[in-house]
Amino acid sequence: QVQLAESGGALVQAGDSLRLSCQVSKRRNAYDYAVGWFRQTPGKEREFVAVLNWNDRYYRDSVKGRFTISGDNAKNTVYLQMNSLKPEDTAVYYCVATPLFSASVDYRRASSYAYWGQGTQVTVSS
C-alpha cells in the first residue's frame, strides 16, 4: 500500500516559481515505485505532467525546460520544481505512483498509475 501527500500549492503570479512536494509513505523499498504528477482543470481530463521512473524523467511537452522532477530517497519525497509559471499551468496537481514500469507502459495515461494523492491547487494569475 502506498499513500501520497502533496503540499506546496499556492496562488502566484505569472513568471514566478513554485515547488510542489509529494511525501510517499510505503512499506516497500524506495526504489520500487515510479512517482509523478498529473494536473486537472474543471471540465477537463487529468493530464500527465512529469514522472520519475528510477533515474528516468519524462515530461509533457508544454512544461519541458520549465519544470523539473526530482526525488529525495532519504526523505521519501518527490518534488516538482515549477519555474516561469504561466496562467495555463493553473490546475489541481496530483501526485501519482505505480510500481516501476518498463518502456512498454504508457506513462502519460492516468490509468497507468495505481495510487493518487488528494491534490494541491496551483493558481497562476496573469
Side-chain angles (χ1 to χ4, degrees):
Q1 185 70 16
V2 176
Q3 294 181 323
L4 307 172
E6 306 98 331
S7 61
L11 168 63
V12 297
Q13 304 246 336
D16 285 352
S17 297
L18 199 62
R19 189 178 77 164
L20 304 183
S21 300
C22 176
Q23 180 71 44
V24 183
S25 300
K26 59 197 176 306
R27 294 181 180 177
R28 297 175 64 183
N29 188 284
Y31 298 100
D32 287 344
Y33 290 89
V35 181
W37 296 87
F38 274 67
R39 65 188 183 188
Q40 187 174 28
T41 54
K44 295 186 178 181
E45 292 187 356
R46 294 180 179 182
E47 62 180 25
F48 168 77
V49 177
V51 66
L52 179 60
N53 183 47
W54 187 240
N55 287 322
D56 295 324
R57 294 166 171 78
Y58 304 96
Y59 301 92
R60 70 178 296 104
D61 288 345
S62 63
V63 308
K64 285 180 181 178
R66 299 189 299 122
F67 290 13
T68 302
I69 190 169
S70 63
D72 185 334
N73 289 322
K75 296 182 179 180
N76 285 341
T77 301
V78 172
Y79 304 99
L80 184 67
Q81 177 66 44
M82 305 185 293
N83 299 328
S84 302
L85 282 161
K86 303 176 180 180
E88 51 264 42
D89 294 318
T90 294
V92 176
Y93 283 71
Y94 295 91
C95 182
V96 297
T98 199
L100 291 173
F101 54 78
S102 66
S104 63
V105 171
D106 187 349
Y107 55 82
R108 297 162 296 179
R109 294 177 64 89
S111 59
S112 296
Y113 296 87
Y115 304 100
W116 290 73
Q118 294 299 308
T120 185
Q121 177 71 47
V122 173
T123 303
V124 184
S125 64
S126 58

> Which pairs with one or both residues in residues 108-126 pass salt bridge (Lys or Arg N to Asp or Glu O under 4.0 Å), sequence neighbours excluded?
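As it turns out, the salt bridge (Lys or Arg N to Asp or Glu O under 4.0 Å) pairs with a partner in residues 108-126, which skip direct neighbours, are Asp106-Arg108.
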> Do the side chain of Gln23 and the main chain of Lys75 share a donor and acceptor less than 3.5 angstrom apart?
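Yes; judged by distance alone, with no hydrogens or angles, the pair exists.
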> Out of curiosity, Asp56 CG to Ile69 CD1, how far, rounded to the nearest 0.5 Å?
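One finds 11.5 Å between CG of Asp56 and CD1 of Ile69.
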> Any idea how Phe67 and Tyr93 line up, ring-wise: parallel (<30°), tilted (30 to 60°), or perpendicular (>60°)?
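Rings of Phe67 and Tyr93: tilted, as their planes differ by 30° to 60°.
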> Residues in side chain to side chain donor-acceptor pair (under 3.5 Å) with Glu88, at least two apart?
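None.
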> Got a sec, which residues hit salt bridge (charged side-chain N to carboxylate O under 4.0 Å, His left out) with Arg66, two or more places apart in sequence or on another chain?
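Checked Arg66 against salt bridge (charged side-chain N to carboxylate O under 4.0 Å, His left out); matches are Asp89.
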> For Val124 and Val12, what are the C-alpha separation, side-chain angles and deciding distance, and is it a side chain to side chain contact (heavy atoms under 4.5 Å, CB included)?
CA-CA 5 Å; Val124 184; Val12 297; 4.0 Å; yes
> Tell me every residue that passes side chain to side chain donor-acceptor pair (under 3.5 Å) with Arg57, counting only those two or more places apart in sequence or in another chain.
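Once residues adjacent in sequence are excluded, Arg57 has no partner under the side chain to side chain donor-acceptor pair (under 3.5 Å) criterion.
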> Looking only at heavy atoms, which two atoms of Ala14 and Ser126 are closest? And how far apart?
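Closest pair (atom of Ala14, atom of Ser126, distance): CB-CA, 4.3 Å.
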> Tell me whether Tyr79 is reachable from Val63 by hopping between hydrophobic residues (I, L, V, M, F, W, Y) whose side-chain heavy atoms are closer than 4.5 Å.
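No, because Val63 and Tyr79 fall into different hydrophobic clusters, even though each may have its own neighbours under 4.5 Å.
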> Nearest 0.5 Å, what's the OH-CG distance between Tyr59 and Leu52?
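Separation between the atoms: 8.0 Å.
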> Once disulfide bond (SG atoms under 2.5 Å apart) is applied, what residue pairs with a partner in residues 74-126 remain, sequence neighbours excluded?
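Those involving residues 74-126 are Cys22-Cys95.
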> Could you check Tyr33 against Val24 for side chain to side chain contact (heavy atoms under 4.5 Å, CB included), going step by step and ending with a plain yes or no?
CA-CA 10 Å; Tyr33 290 89; Val24 183; 5.8 Å; no
> Looking at every heavy atom in both Ala34 and Asn53, which two are closest together, and how far apart are they?
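Smallest interatomic distance, heavy atoms only, reads CB-OD1, 3.4 Å.
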> Among Arg60, Arg46, Lys44, find the residue that satisfies the side chain to side chain contact (heavy atoms under 4.5 Å, CB included) test when tested with Arg39.
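Exactly one candidate clears the test, Arg60.
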> Looking only at heavy atoms, which two atoms of Ala50 and Leu80 are closest? And how far apart?
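Closest approach of Ala50 to Leu80: CB-CD1, 4.2 Å.
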> Asp61: what forms a side chain to side chain donor-acceptor pair (under 3.5 Å) with it, not counting sequence neighbours?
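Result, side chain to side chain donor-acceptor pair (under 3.5 Å) vs Asp61: Lys64.
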> May I have all residue pairs that pass disulfide bond (SG atoms under 2.5 Å apart) and include part of residues 97-126, sequence neighbours excluded?
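For residues 97-126, and leaving out neighbouring residues, there are no disulfide bond (SG atoms under 2.5 Å apart) pairs at all.
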> Would you say the side chain of Trp37 lies within less than 4.5 Å of the side chain of Leu20, judging by non-hydrogen atoms?
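Sidechains of Trp37 and Leu20: in contact.
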> Under 4.5 Å side-chain heavy-atom separation, chaining through any Ile, Leu, Val, Met, Phe, Trp or Tyr, what else clusters with Trp116? Say none if it is isolated.
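Cluster partners of Trp116: Phe38, Phe48, Val51, Tyr58, Val92, Tyr94, Val96, Phe101, Val105, Tyr107, Tyr113.
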> Evaluate the side-chain proximity of Val122 to Met82: yes if any heavy-atom separation is below 4.5 Å, no if none is.
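In contact.
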> Please round to the nearest 0.5 Å and tell me the distance separating atom OG1 of Thr77 and atom CG of Leu4.
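Separation between the atoms: 11.0 Å.
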> Nearest 0.5 angstrom please: Leu18 CG to Leu11 CG, how far?
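One gets 10.0 Å once the value is rounded to the nearest 0.5 Å.
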> I'd like to check Thr41 versus Thr90 (side-chain heavy atoms, cut-off strictly below 4.5 Å). Are they in contact?
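The answer is no, as the side chains (C-beta and beyond) never meet within the 4.5 Å cut-off.
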> What heavy-atom pair brings Ala97 and Val2 nearest, and what distance separates the two atoms?
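Heavy atoms of Ala97 and Val2 come nearest at CB-CG1, 4.4 Å.
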> Could you name each residue pair satisfying salt bridge (Lys or Arg N to Asp or Glu O under 4.0 Å) that touches residues 113-126, not counting sequence neighbours?
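Sorted pair list comes back empty.
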> Using the side chain to side chain donor-acceptor pair (under 3.5 Å) criterion, which residues pair with Ser102? Sequence neighbours excluded.
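Result, side chain to side chain donor-acceptor pair (under 3.5 Å) vs Ser102: Ser104.
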> With sequence neighbours excluded, give me every side-chain hydrogen bond (donor to acceptor under 3.5 Å, both in side chains) pair touching residues 4-20.
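For residues 4-20: Ser17-Asn83.
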> Which residue pairs pass the disulfide bond (SG atoms under 2.5 Å apart) test when at least one of the two sits in residues 52-88, sequence neighbours left out?
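For residues 52-88: none.
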